[in-house]
S.K.: 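Quick one: structure below, then a few questions.
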Amino acid sequence: MKVSAMNDKAMISIGKLSGRTGLAVSAIRYYEEQGLISSERNAGGQRRFRKSDIRRVSFILIAQKFGYPLNVIRHELSALPQSRTPTKADWTRLSSKIRKTLDQRIEQMQQMRDNLDGCIGCGCLSLQKCKLYNPDDKAAKLGKGPRYLLGNSAKDLED
Ligand code: FES
């Protein structure tokens, strides 16, 4: 899409977007390929991004730091019109979700750490004895294999 003369001032080059976000030009191109941001072409055929993409890229970078995969971030951003940057309300909504996910992961990791204590100096990796594999046989209800290593937590047993 060509950049109209009217909104050209609201547009920035890929180099400027890179400079403002600290993201490599190649990574910005990748984000564009992945549909997370989009550019338009100016009269000279060069990519131009909206200034609001600075905030959009920051949003992506922060979400990635918390382990959100790009497909989930794309889903979150898809709720916003392309020309709209994530607002305070958008960030509040997403950061609340991130907080919830982090709490669950922390709980899961603490449980794994506690179970690991019983393994230190053991090395049996026994399906019958090892708490990481099958603590008290309760995790067996969730399926075969080392359930806590495969992503289940004690909470899954409560559901
Ligand atoms: S390795 Fe023996 S209890 Fe885990």
Side-chain angles (χ1 to χ4, degrees), residues 1-117 132-133 135 139 141-159:
M1 185 190 291
K2 292 266 185 198
V3 177
S4 71
M6 207 170 78
N7 66 6
D8 199 32
K9 284 185 179 168
M11 307 301 277
I12 55 173
S13 68
I14 193 167
K16 186 145 191 173
L17 182 57
S18 170
R20 292 289 301 274
T21 59
L23 190 66
V25 166
S26 57
I28 293 172
R29 286 200 196 105
Y30 180 71
Y31 281 3
E32 191 178 8
E33 281 168 24
Q34 295 299 308
L36 294 159
I37 52 174
S38 68
S39 66
E40 299 175 7
R41 299 281 172 172
N42 67 7
Q46 296 163 319
R47 278 187 173 90
R48 288 293 180 260
F49 293 88
R50 291 171 192 83
K51 282 184 181 165
S52 61
D53 283 327
I54 294 168
R55 205 170 148 85
R56 207 172 168 96
V57 167
S58 303
F59 185 87
I60 297 165
L61 289 172
I62 292 170
Q64 276 192 295
K65 268 193 183 160
F66 284 103
Y68 272 65
L70 288 183
N71 62 332
V72 173
I73 298 170
R74 186 186 311 107
H75 176 76
E76 291 297 328
L77 287 172
S78 69
L80 307 174
Q82 185 61 38
S83 58
R84 180 153 93 57
T85 192
T87 62
K88 188 179 172 193
D90 296 325
W91 179 240
T92 298
R93 187 177 43 81
L94 184 64
S95 55
S96 298
K97 264 193 197 176
I98 288 173
R99 170 66 195 239
K100 223 180 208 176
T101 307
L102 278 180
D103 286 345
Q104 287 171 347
R105 275 197 222 148
I106 288 167
E107 187 189 332
Q108 194 175 1
M109 294 306 284
Q110 283 175 332
Q111 187 171 6
M112 284 181 69
R113 183 202 56 202
D114 293 346
N115 288 341
L116 186 63
D117 284 345
L132 283 178
Y133 263 120
K141 293 178 194 163
L142 300 170
K144 291 182 177 176
R147 299 315 312 168
Y148 294 140
L149 293 177
L150 292 171
N152 286 119
S153 71
K155 251 193 171 160
D156 297 330
L157 291 166
E158 296 166 11
D159 298 336

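Since this is a predicted model, take the numbers as computed values, not measurements.
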S.K.: Quick one: does any side-chain atom of D53 pair with a main-chain N or O of R50 as donor and acceptor, under 3.5 Å?
M.R.: yes
S.K.: Could you tell me whether E40 and R47 have a side-chain N and a carboxylate O separated by less than 4.0 Å?
M.R.: no
S.K.: How far apart are the closest heavy atoms of G35 and R74, and which atoms are they?
M.R.: O-CG, 4.2 Å
S.K.: Do N42 and M11 touch side chain to side chain, with heavy atoms closer than 4.5 Å?
M.R.: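 Contact flag for N42/M11 side chains = no.
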S.K.: In Å, rounded to the nearest 0.5 Å, how long is the span from CG of L17 to NZ of K51?
M.R.: 12.5 Å
S.K.: Please report the interatomic distance CZ(R20) to OG(S58), rounded to the nearest 0.5 Å.
M.R.: 9.0 Å
S.K.: How far apart are the closest heavy atoms of S78 and H75, and which atoms are they?
M.R.: OG-O, 2.6 Å
S.K.: What is the minimum heavy-atom distance between I73 and Y68, and which atoms define it?
M.R.: CD1-O, 3.5 Å
S.K.: Closest heavy-atom contact between T92 and S96?
M.R.: O-OG, 2.8 Å
S.K.: Within this structure, what is the OG-CD1 distance for the pair S39 and I12, rounded to the nearest 0.5 Å?
M.R.: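 The OG atom of S39 sits 11.0 Å away from the CD1 atom of I12.
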S.K.: I98 and A63: which non-hydrogen atoms are nearest, and at how many Å?
M.R.: CD1-CA, 4.4 Å
S.K.: Rounded to the nearest 0.5 Å, how far apart are NZ of K97 and CD of E76?
M.R.: 3.5 Å
S.K.: Got a second to check how far F49's CZ is from T21's OG1, nearest 0.5 Å?
M.R.: 10.0 Å
S.K.: Any side-chain heavy atom of R48 within less than 4.5 Å of one from S13?
M.R.: yes
S.K.: Nearest 0.5 angstrom please: I60 CD1 to L77 CG, how far?
M.R.: 5.5 Å
S.K.: Would you say E32 and S38 are linked by a side-chain donor-acceptor pair, where the criterion is simply a distance under 3.5 Å?
M.R.: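 No.
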S.K.: Identify the heavy atoms of Q64 and L70 that sit nearest to each other, and give their distance.
M.R.: NE2-CD2, 3.5 Å
S.K.: With a 4.0 Å cut-off, would you call D103 and R99 a salt bridge?
M.R.: yes
S.K.: Could you check if a side-chain atom of L23 sits within less than 4.5 angstrom of a side-chain atom of S18, using non-hydrogen atoms only?
M.R.: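 L23 does not reach S18 side chain to side chain.
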S.K.: Would a distance-only check, ignoring hydrogens and angles, find a side-chain to backbone donor-acceptor pair under 3.5 Å from D90 to T87?
M.R.: yes
